[in-house]
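To keep things clear, I will list the structure first and then write my remarks on it.
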Protein chains: 2
Amino acid sequence: MDDPADHLKSIADLARLAGVSVSTVSRALTGKGALNKGTRARIQALADQHGFRMNVAAQNLRLGRTGAIAVLLPMGPERGRQLADPFFVTMLGCLADALTDRGYDLLLSRVVPQGDDWLGSFIRAGRADGIIVVGQSTQSAALDRAAAHYRPMVVWGAGSADNMHVTVGTDNVAGGVLAAHHLIARGRRRLAYFGAVSVPEFAARHQGFLDGLPDDLRDEVDLVPTAMTPDQSFRAAADYFAAGHRPDGVFAASDVVAMSIMAAAAEQGLRVPQDMAVVGFDDILLARFAHPPLTTIRQDIEAGARALVDLLVRRIEGQNAGTVQIAPELVVRESS
Amino acid sequence: MDDPADHLKSIADLARLAGVSVSTVSRALTGKGALNKGTRARIQALADQHGFRMNVAAQNLRLGRTGAIAVLLPMGPERGRQLADPFFVTMLGCLADALTDRGYDLLLSRVVPQGDDWLGSFIRAGRADGIIVVGQSTQSAALDRAAAHYRPMVVWGAGSADNMHVTVGTDNVAGGVLAAHHLIARGRRRLAYFGAVSVPEFAARHQGFLDGLPDDLRDEVDLVPTAMTPDQSFRAAADYFAAGHRPDGVFAASDVVAMSIMAAAAEQGLRVPQDMAVVGFDDILLARFAHPPLTTIRQDIEAGARALVDLLVRRIEGQNAGTVQIAPELVVRESS
DNA sequence: CTGTTAGCGCGTTCAA
DNA sequence: TTGAACGCGCTAACAG
């Protein structure tokens, strides 16, 4: 069974051993095509007796497919730590599971979006049967251009009516509304939003937040723009508090940002939630164990990953399936 | 340039268009083999004028390789959230970068270690030119069995002299010693260790911790065994404190565990670091922004990833390179 | 039910 | 310097 000497490296070797033709072996091992029960069993027995596995690459070449789905992570200029973002990482794990269940391999590729045709070039290399793009959607022009000629591609992010490409994403506007209603219900009136605004999904969270407020408060909300990394959001929050701002309710565009804000607040002696309520977005693994445990808008990552894969598979099969939105959910803990 | 009609799908199409043979196109595009400067330039121009890219799968089949490295994540029984662990995830990102730099694709595969030959079976499928195994090393028997016949495989984890397989990993014992010395220097005497002990790398951290203590304290250390997830470690810590234990210094086998402990401590009104100093392991992204900012033993994940890839590539090339250890580093913040 | 044959898209001898 | 022919390991149409 694991004698290294008897190394069968192709179905031809196995065919010779079994005294049959290669196509018979092929039929026996794939289970496709008509074949005598007996010979099929005999060949299968022989195969795993010798630990033989067919060469997937050759099989795929012949079938005109690759058996793999590429997950593309377009990287921003701040190359490096991006994949450390707990949200993306969890998404990746769920995608791996969903794709495995469908019989696909997951080809992970971090790409630097540059040149006019980085995506088209990747597509034409034919390394994958389909593409899932995960990242902050600042590349929608490139995505649209590719989507015009290439169908098996789905994108995680903020869908927009005028996108050519299909997306799956949390309803960020609805999430912002949830946060607004919650803070209002907690009696908070001096409000602030922390997060990126140039990236569509975060802009939508901000917009939803404003939408959810009563008219008289909407113009009073502080907008504190910041990159979504722990360092930068910590700095933004520290500066903001140092400048004397004292909001009593804060909505952060992600849990990482929320936790950084709480760290900065603690340094200033601000108590959460007494002096200031904090609401995050994502519900990452550590949110429950933040100090204090973080109230947040939960994204159902697992459902998102499944939806991405379902949609992609349907498009690979030629169906014309379209954009999906996933409802966010308020999770109340002790930070608010 | 992106006219969809002119879709060249093989070098044969391009050859016809250029009025040359397929082998000439092959030579022009790969840059290998002798060829007239002029025709090479002409064919290359024609290729990217039509956005033509060679089929990587066919190229690899012919070259007898796949161009991909598989990253295997053996999953424990607690299927699911494992990949959410910030450490693994960061490692994955760094591996993606390191492999991309070497021209390899990254094939991500979560495997359920079951049956006697899950690894051998994966290997013989020929989906990758090499394998990197990342995970808690409870599978060393299976790894050794595979390593006996299969050379291009490297493992992240705790190397041991009697392993057949080669590993790259942080020196966990040295990390434990660092933690011990630090807590002692802070005047702590009632000590506890939180973490798994059945998994070699965590057992080594525990062992190092004990090694680093003066003889009279070694036997006094509380060992609090717990799985490494936030939920389970939180529960373990809550129970431990509820039982009346009051250590003044704690070493946690990971930052996630450390943060859970601090959350549980806060619920009991224990102050960190005044009542109890806490030292973690890993230095994940959020460690700086924990409350209070977490003192920890830093693993250099980027160096680890680079070492894994270097080692693997060397073994693919036939060299007999062996196990590498990476030195951990104490990062002092406010939790101790 | 099984074997023969012809490719999938590319690299690489061997001749010309 | 270029082209023709063969094969990487496999599947599928067509015979028998």
Side-chain angles (χ1 to χ4, degrees), chain A residues 6-44 46-47 50-68 103 105 121 123-129, chain B residues 6-44 46-47 50-68 103 105 121 123-129:
Chain A
D6 69 355
H7 208 51
L8 307 179
K9 53 190 301 279
S10 78
I11 57 176
D13 296 344
L14 186 52
R16 207 168 303 122
L17 199 70
V20 296
S21 75
V22 288
S23 41
T24 299
V25 174
S26 171
R27 284 187 277 252
L29 265 34
T30 58
K32 300 195 306 203
L35 199 55
N36 179 305
K37 285 286 179 200
T39 48
R40 165 160 298 155
R42 189 168 57 87
I43 292 173
Q44 277 173 342
L46 212 54
H50 289 260
F52 176 77
R53 294 275 316 255
M54 283 201 291
N55 181 308
V56 180
Q59 188 172 33
N60 286 332
L61 176 64
R62 179 58 232 242
L63 294 175
R65 38 163 259 165
T66 68
D105 286 331
S121 173
I123 290 169
R124 285 191 305 272
R127 279 205 280 263
D129 297 334
Chain B
D6 70 354
H7 207 52
L8 307 178
K9 54 189 300 281
S10 78
I11 59 174
D13 296 344
L14 186 54
R16 208 167 302 122
L17 198 72
V20 297
S21 74
V22 289
S23 40
T24 300
V25 173
S26 172
R27 283 186 277 252
L29 264 35
T30 57
K32 300 194 311 201
L35 199 56
N36 180 305
K37 285 285 180 199
T39 48
R40 165 161 296 156
R42 186 167 61 85
I43 292 173
Q44 278 174 342
L46 212 54
H50 289 260
F52 176 78
R53 297 272 317 254
M54 283 200 292
N55 182 307
V56 180
Q59 189 170 32
N60 285 332
L61 176 64
R62 178 59 235 243
L63 294 174
R65 38 162 261 162
T66 69
D105 286 330
S121 172
I123 290 169
R124 286 190 305 272
R127 279 206 281 263
D129 296 335

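Letters A, B, ... are given to chains in the order of the sequence lines, protein chains preceding strands, and every chain is numbered from 1.
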Practice prompt. Look at the side chain of Arg62(B) and decide which nucleotide, out of dT12(C), dT11(D), dG9(D), has an atom nearest to it.
Written response: dT12(C)
Item to complete: Report the distance from atom CZ of Arg65(B) to atom P of dG9(C), rounded to the nearest whole Å.
Response: 19 Å
Worksheet item: Closest to the Ser26(B) side chain: dG3(D), dG11(C), dT11(D)?
Response: dG11(C)
Worksheet item: Which atom names give the shortest non-hydrogen contact between Gln59(B) and Met54(B), and what distance separates them?
Response: NE2-CE, 3.5 Å
Fill in: Within-4.5 Å side-chain heavy-atom neighbours: Asp13(A) and Phe52(A)
no
Worksheet item: Asp13(B) has an atom CG; how far is it from atom P of dC10(C), in whole Å?
Response: 9 Å
Discussion item. Base, sugar-phosphate or nothing for Leu35(A)? Non-hydrogen atoms, less than 4.0 Å.
Written reply: sugar-phosphate
Item to complete: Could you state the atom-to-atom distance from CG of Leu29(B) to C1' of dT2(D) in whole Å?
Response: 16 Å
Discussion item. Output the rounded distance in Å from CD (Gln59(B)) to P (dG9(D)).
Written reply: 17 Å
Worksheet item: Hey, is the side chain of Ser23(A) poking within less than 4.0 Å of OP1 or OP2 on dG3(C), counting only N and O atoms?
Response: no
Discussion item. Ignoring hydrogens, what is the shortest heavy-atom contact between Ala18(B) and Ile43(B)? Give both atom names and the distance.
Written reply: CB-CG1, 4.4 Å
Worksheet item: Does Ser10(A) have a side-chain nitrogen or oxygen under 4.0 Å from the phosphate oxygens OP1 or OP2 of dG9(D)?
Response: no
Worksheet entry | Given DNA chain D, 5'-ward residue of the pair Leu63(B) and Val20(B), judged by closest heavy atom | Val20(B)
Fill in: Atom-pair distance (CG on Leu61(A); P on dG11(C)), nearest Å
12 Å
Discussion item. Please compare Val22(A) and Thr39(A) by the position of their nearest nucleotide in DNA chain C and report the one closer to 5'.
Written reply: Thr39(A)
Worksheet, complete the sentence: 5'-most contact on DNA chain D (nearest-nucleotide basis), Arg53(A) vs Arg27(B), goes to Arg27(B)
Discussion item. Rounded to whole Å, please give me the gap between CG in Asn60(A) and P in dC10(D).
Written reply: 12 Å
Worksheet item: Between dT1(D) atom P and Lys32(B) atom NZ, what is the distance in whole Å?
Response: 18 Å
Discussion item. Below the 4.0 Å mark, does dG3(D) have OP1 or OP2 next to a side-chain nitrogen or oxygen of Thr24(B)?
Written reply: yes
Worksheet item: CG of Asn55(B) to CZ of Arg53(B): how many Å apart, nearest 0.5 Å?
Response: 10.5 Å
Discussion item. Please confirm whether the shortest side-chain N or O distance from Lys9(A) to OP1 or OP2 of dG9(D) is below 4.0 Å.
Written reply: yes
Practice prompt. Of all the heavy-atom pairs spanning Ala47(A) and Leu14(A), show the shortest one and how long it is.
Written response: CB-CD2, 4.0 Å
Discussion item. Can you identify which nucleotide, out of dT4(C), dG9(C), dC1(C), has its nearest atom closest to the Asn36(A) side chain?
Written reply: dC1(C)
Worksheet item: Within this structure, what is the CD1-to-C1' distance between Ile11(B) and dT12(C), rounded to whole angstrom?
Response: 12 Å
Worksheet entry | Residue whose nearest DNA chain C nucleotide is more 5′ - Ala12(B) or Ala34(A) | Ala34(A)
